Amino acid sequence: MKRVKLTVAYDGTNYCGWQIQPNGVTIEEKLNQALQSLFGEEIRVSGASRTDAGVHSLGNVCVFETQARMPAEKISYALNQRLPDDIVVIDSCEVPADFHPRFSKSRKTYEYRILNRRFPDPTRRLDTYFYHHVLDVSKMQEAAAHLEGEHDFKSFASIHMQSETSVRTIYSCKVAKTDDIITIRVTGNGFLYNMVRIIAGTLIKVGAGDIRPTEIDDILAVCDRGAAGPTAPAHGLTMIGLEYE
């Protein structure tokens with residue numbers, strides 16, 4: 001029996017998120033089906049991040065165990081022949097038996113992309129959030145800096161959060177603009193349910209002038225979801241990947 005790690009990229013548009021659920025097709029379901037077709041075994045992957053419906057990924061990570069003799073590094077090629085075009089395994093390798101992608105220490109990076117212009121761009125409708133009011137990027141950058149470090153992020157988590165603690169460390173939170181695309185790039189040791197999308201929604205409010213950059217400290221301090229901005233739409237969010245220690 002060997003343990004195999006997969007690094008998976010996907011366009012989440014047509015899926016009800018990562019995790020298997022009864023009311024729609026998911027990334028996890030498609031991977032399980034492809035693995036069972038390949039090896040003829042009952043296989044269930046365990047993922048690092050349970051991305052929501054519509055969220056994309058360039059490098060989510062999962063593991064599974066198999067008795068198959070195929071070399072781990074060849075599995076990605078075989079799986080991609082059995083997966084739909086919007087899911088691609090970009091790497092496969094054997095890992096120690098005790099490695100778990102969710103519980104091993106890592107740095108996780110997400111990007112939220114905003115198309116900030118007068119009219120939508122139909123070619124970017126699936127991977128950016130269109131916002132037509134002009135946003136002040138310098139104010140968004142100032143506010144983002146207040147999110148860096150270790151904080152209680154309860155104000156930036158869904159009320160349906162199930163984590164035992166809402167304390168997380170943000171190593172970097174940067175805002176940049178290239179042409180009409182504003183990118184919020186966040187790296188941390190972990191994220192609460194909807195945390196990055198709430199950060200994005202709050203920074204959009206800052207850029208629009210509804211929240212002052214210095215108010216971020218107050219929003220963190222009150223630990224109240226109602227104090228932060230709205231949850232930005234899922235399709236603007238992409239999980240960039242994980243770096244394991």
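No experiment lies behind these values; they were computed from the predicted model shown. We count residues from 1, following the sequence as given.
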query: Closest approach of I75 and S92, non-hydrogen atoms and distance?
result: N-OG, 3.7 Å
Hydrophobic cluster identity match, L203 and L115, side-chain contacts under 4.5 Å: no
If you look only at distance, which donor and acceptor atoms sit under 3.5 Å apart when one is on a side chain in residues 138-145 and the other is two or more places apart or in another chain?
unit_1	atom_1	unit_2	atom_2	d
S138	OG	D136	OD1	2.5
Q141	NE2	V175	O	2.8

- prompt: Just wondering, more than 12 heavy atoms not from R212 lying within 6.0 Å of its CZ?
  reply: no
message: Taking L58 as the starting point, is it possible to reach I184 by hopping between hydrophobic residues whose side chains are less than 4.5 Å apart?
response: no
- prompt: Checking side-chain hydrogen bond (donor to acceptor under 3.5 Å, both in side chains) for the pair D224/S155: CA distance, chi angles, key distance, verdict?
  reply: CA-CA 4 Å; D224 179 0; S155 294; over 6 Å; no
- prompt: What's the verdict on side-chain contact (heavy atoms from CB on, under 4.5 Å) for F39 and M70, showing C-alpha distance, side-chain angles and the deciding distance?
  reply: CA-CA 9 Å; F39 294 130; M70 180 183 292; 4.2 Å; yes
Note, R44 side chain near E65 side chain (heavy atom, < 4.5 Å): no
query: For Y77, does the OH atom sit with more than 12 other heavy atoms under 6.0 Å from it, leaving out its own atoms?
result: no
- prompt: Checking N116 side chain against Y131 main chain: does a donor-acceptor pair fall under 3.5 Å?
  reply: yes
- request: Look only at the side chain of T178 and the backbone of I181, and say whether a donor-acceptor pair between them is shorter than 3.5 Å.
  value: no
task: Quickly, which of R185, H56, K174 forms a side chain to side chain donor-acceptor pair (under 3.5 Å) with E111? Name it, please.
output: R185
- prompt: Can you list the steps and then say if L6 with L79 is a side-chain contact (heavy atoms from CB on, under 4.5 Å)?
  reply: CA-CA 10 Å; L6 304 178; L79 280 180; 3.8 Å; yes
- line: In short, C16 meets N23 closest at the heavy-atom pair SG-O, 4.4 Å
- prompt: Does the D152 side chain pair with the main chain of A221, one donor and one acceptor, at a distance under 3.5 Å?
  reply: no
query: So if you build clusters from Ile, Leu, Val, Met, Phe, Trp, Tyr with side-chain heavy-atom gaps below 4.5 Å, do Y244 and V63 land together?
result: yes
field: Closest heavy-atom pair and its distance - N60, S57
entry: N-OG, 2.8 Å
- line: Looking only at heavy atoms, the pair that brings E29 and T26 closest together is N-OG1, 3.2 Å
- prompt: Any donor-acceptor pair under 3.5 Å linking the side chain of K205 with the backbone of A200?
  reply: no
- request: Assign the ring pair Y10 / W18 to parallel, tilted or perpendicular, where the plane angle (0 to 90°) is split at 30° and 60°.
  value: tilted
- prompt: Quick one: does E28's side chain have a donor or acceptor within less than 3.5 Å of a partner on I20's backbone?
  reply: yes
task: Answer yes or no: are there more than 12 heavy-atom neighbours, outside F130 itself, under 6.0 Å from its atom CZ?
output: yes
message: Between F64 and L31, is there shared hydrophobic-cluster membership here, with clusters defined by ILVMFWY side-chain heavy atoms closer than 4.5 Å?
response: yes
- prompt: So, do V25 and K30 sit near enough that their side-chain heavy atoms are less than 4.5 Å apart?
  reply: yes
- prompt: Quick one: CD on E148 to OG on S172, what's the gap to the nearest 0.5 Å?
  reply: 5.0 Å
query: When you check the side-chain N and O atoms of S49 and Y110, is any donor under 3.5 Å from an acceptor?
result: yes
message: Within this structure, what is the CD1-OG1 distance for the pair I90 and T7, rounded to the nearest 0.5 Å?
response: 5.5 Å
message: Distance check, rounded to the nearest 0.5 Å: K2 atom NZ versus R69 atom CZ?
response: 9.5 Å
query: What do the steps show when you test T183 against Y112 for side-chain contact (heavy atoms from CB on, under 4.5 Å), and what is the final call?
result: CA-CA 6 Å; T183 302; Y112 195 91; over 6 Å; no
statement: For P101 and V61, the nearest pair of non-hydrogen atoms, with its separation, is CB-CG1, 3.8 Å
- prompt: Distance-only, no hydrogens or angles: does the S104 side chain make a donor-acceptor pair with backbone N or O of H100 under 3.5 Å?
  reply: yes
- request: Could you pull out the closest heavy-atom pair between V167 and T165, with the gap in Å?
  value: N-OG1, 3.2 Å
- prompt: Can you list the steps and then say if Y171 with T109 is a side-chain hydrogen bond (donor to acceptor under 3.5 Å, both in side chains)?
  reply: CA-CA 10 Å; Y171 302 117; T109 299; over 6 Å; no
task: Flag the pair R118 / H132 as yes when at least one side-chain heavy-atom distance between them is below 4.5 Å, and no otherwise.
output: no
- prompt: What's the verdict on side-chain contact (heavy atoms from CB on, under 4.5 Å) for L147 and I199, showing C-alpha distance, side-chain angles and the deciding distance?
  reply: CA-CA 9 Å; L147 293 166; I199 286 174; 3.7 Å; yes
- request: Could you check if a side-chain atom of E94 sits within less than 4.5 angstrom of a side-chain atom of R3, using non-hydrogen atoms only?
  value: no
Under 3.5 Å, which donor-acceptor pairs do the side chains of residues 235-243 form with other protein atoms, sequence neighbours left out?
unit_1	atom_1	unit_2	atom_2	d
H235	NE2	T128	O	3.2
T238	OG1	R113	NH1	3.2

field: Rounded distance (nearest 0.5 Å) linking atom NZ of K105 with atom CG of N189
entry: 9.5 Å
- request: Quick one: list whatever passes side-chain contact (heavy atoms from CB on, under 4.5 Å) with Q67, sequence neighbours left out.
  value: M1, E41
statement: Taken to the nearest 0.5 Å, the spacing of I219 CD1 from R225 CZ works out to 10.0 Å
task: Find the distance between CD1 (I27) and CD (Q19) and round it off to the nearest 0.5 Å.
output: 13.0 Å
Listing, residues 80-88 side-chain donor-acceptor contacts under 3.5 Å, not counting sequence neighbours, or none:
unit_1	atom_1	unit_2	atom_2	d
N80	OD1	V89	N	2.8
N80	ND2	S76	O	3.2
N80	ND2	V89	O	3.0
R82	NH1	A78	O	3.1
D86	OD1	Y15	OH	2.6
D86	OD2	Y15	OH	3.3

field: Residues which pass side-chain hydrogen bond (donor to acceptor under 3.5 Å, both in side chains) with T123, listed by chain and number, not counting sequence neighbours
entry: D121
message: Once salt bridge (charged side-chain N to carboxylate O under 4.0 Å, His left out) is applied, what residue pairs with a partner in residues 46-61 remain, sequence neighbours excluded?
response: D52-R197
